[in-house]
Amino acid sequence: MLAELTQLGTLFAAAFGAATILPFQSEVVFVALQVGGTLPVSALILVASIGNVLGAVVNYVMGLWVEHFRYRRWFPASQAQMDRAQRWYARWGVWTLLLSWAPFGDAFTVVAGVMRTHWIVFVVLVTLAKTGRYAVLAWLTTQAGG
């Protein structure tokens with residue numbers, strides 16, 4: 001029981017970290033645990049999705065407050081990058097959150113906060129995207145013989 005909880009905790013942490021600005025790769029942990037076969041795939045999808053969505057919520061909250069720090073020298077994005085991201089989001093809207101599963105998708109979750117996207121819309125779209133990604137990953141791993 002402790003081993004399974006540790007594995008799920010590791011997956012949660014990797015998925016949470018992967019959704020933030022931290023350089024994590026939750027897919028490697030997910031596939032390794034799925035191939036290991038000690039946990040049900042549904043539990044892996046659930047835990048990874050919850051961790052990944054909560055990490056995206058951290059990005060969203062950061063986006064709510066990012067304007068306060070935009071003109072600081074240490075700020076990680078230039079004015080042009082911020083303007084471009086906001087124009088992209090203004091053009092394509094909340095539907096960009098369906099790409100939050102992609103490597104560049106974390107930026108969309110921050111911009112959603114900057115643009116004050118309604119939090120329920122944010123959580124629903126990000127949950128669909130992130131859970132869908134893990135479900136597809138589980139299916140592909142099964143198809144590959146894992």
Side-chain angles (χ1 to χ4, degrees), residues 4-36 39-144 146:
E4 288 86 2
L5 287 176
T6 301
Q7 291 172 344
L8 290 173
T10 300
L11 177 60
F12 177 87
F16 181 89
T20 65
I21 58 173
L22 301 172
F24 281 86
Q25 293 297 319
S26 63
E27 294 83 5
V28 173
V29 176
F30 184 94
V31 169
L33 291 174
Q34 184 178 350
V35 170
L39 296 165
V41 174
S42 58
L44 297 176
I45 292 171
L46 179 66
V47 168
S49 297
I50 291 171
N52 218 232
V53 170
L54 289 176
V57 169
V58 168
N59 290 347
Y60 175 84
V61 171
M62 286 179 12
L64 293 174
W65 296 101
V66 76
E67 292 294 318
H68 299 291
F69 304 106
R70 182 182 233 183
Y71 300 105
R72 304 282 173 106
R73 199 168 20 136
W74 51 263
F75 192 73
S78 70
Q79 181 66 40
Q81 290 170 320
M82 288 294 292
D83 290 342
R84 186 174 41 243
Q86 287 178 327
R87 279 192 311 273
W88 175 271
Y89 195 82
R91 179 176 181 189
W92 299 104
V94 296
W95 303 113
T96 59
L97 293 172
L98 292 174
L99 296 174
S100 62
W101 62 270
F104 54 84
D106 299 334
F108 293 137
T109 61
V110 173
V111 172
V114 171
M115 301 297 281
R116 303 297 195 256
T117 300
H118 193 282
W119 69 272
I120 292 175
V121 172
F122 175 86
V123 169
V124 167
L125 291 174
V126 169
T127 299
L128 286 171
K130 304 249 185 207
T131 303
R133 184 253 319 260
Y134 286 115
V136 168
L137 181 60
W139 180 79
L140 289 172
T141 302
T142 300
Q143 297 305 305

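Computed over heavy atoms, backbone and side chain alike; hydrogens, waters and symmetry mates excluded. If you read the sequence from its start, that first residue is 1, and numbering goes on from there.
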For A112 and Y60 the tightest heavy-atom approach is O-CE1, 3.7 Å
My understanding is that only one of W95, W92, W88 makes a side-chain contact (heavy atoms from CB on, under 4.5 Å) with F108; could you say which? W88
Provide the closest heavy-atom pair for T127 versus V123 in the form atom of the first, atom of the second, distance. OG1-O, 2.6 Å
With sequence neighbours excluded, tell me which residues meet side chain to side chain contact (heavy atoms under 4.5 Å, CB included) with A107. none
When rounded to the nearest 0.5 angstrom, what distance separates CG in L137 from OG1 in T141? 4.5 Å
Determine whether more than 12 heavy atoms belonging to other residues, nucleotides or ligands lie under 6.0 Å from atom CZ of R91. no
Once rounded to the nearest 0.5 Å, what's the spacing between atom CG of L128 and atom CG of L98? 7.0 Å
Any side chain to side chain donor-acceptor pair (under 3.5 Å) involving residues 101-115? Give me the pairs, sequence neighbours left out, ordered by first then second residue. N59-T109
Can you sort out the partners of V121 under side chain to side chain contact (heavy atoms under 4.5 Å, CB included), two or more places apart, ordered by chain and number? V94, T117, H118, L125
Over all atoms of both residues, closest heavy-atom pair of L97 and A129: O-CB, 3.7 Å
Can you name the nearest heavy-atom pair linking A43 to L8, along with the distance? O-CD2, 4.3 Å
Over all atoms of both residues, closest heavy-atom pair of K130 and S100: NZ-O, 3.1 Å
Go through the steps to decide whether Q34 and T142 satisfy the test side chain to side chain contact (heavy atoms under 4.5 Å, CB included), and finish with yes or no. CA-CA 9 Å; Q34 184 178 350; T142 300; 3.1 Å; yes
How would you list, by chain and number, every residue that makes a side chain to side chain contact (heavy atoms under 4.5 Å, CB included) with W139, sequence neighbours excluded? Q143
Mind listing the side-chain donor-acceptor pairs of residues 14-29 below 3.5 Å, one per line with the distance, residues two or more places apart or on another chain?
unit_1	atom_1	unit_2	atom_2	d
T20	OG1	G17	O	2.8
T20	OG1	L22	N	3.3
S26	OG	Y134	OH	2.6
E27	OE2	R133	NH1	2.9

Quick one: ring-ring contact (aromatic ring centres under 6.0 Å, His included) partners of F12, sequence neighbours excluded? none
Working to the nearest 0.5 Å, report the span between CG of L11 and CG of L39. 8.5 Å
Over all atoms of both residues, closest heavy-atom pair of A56 and V126: CB-CG1, 3.7 Å
Say you draw a straight line from CG of N52 to CD1 of I50; how long is it, rounded to the nearest 0.5 Å? 11.0 Å
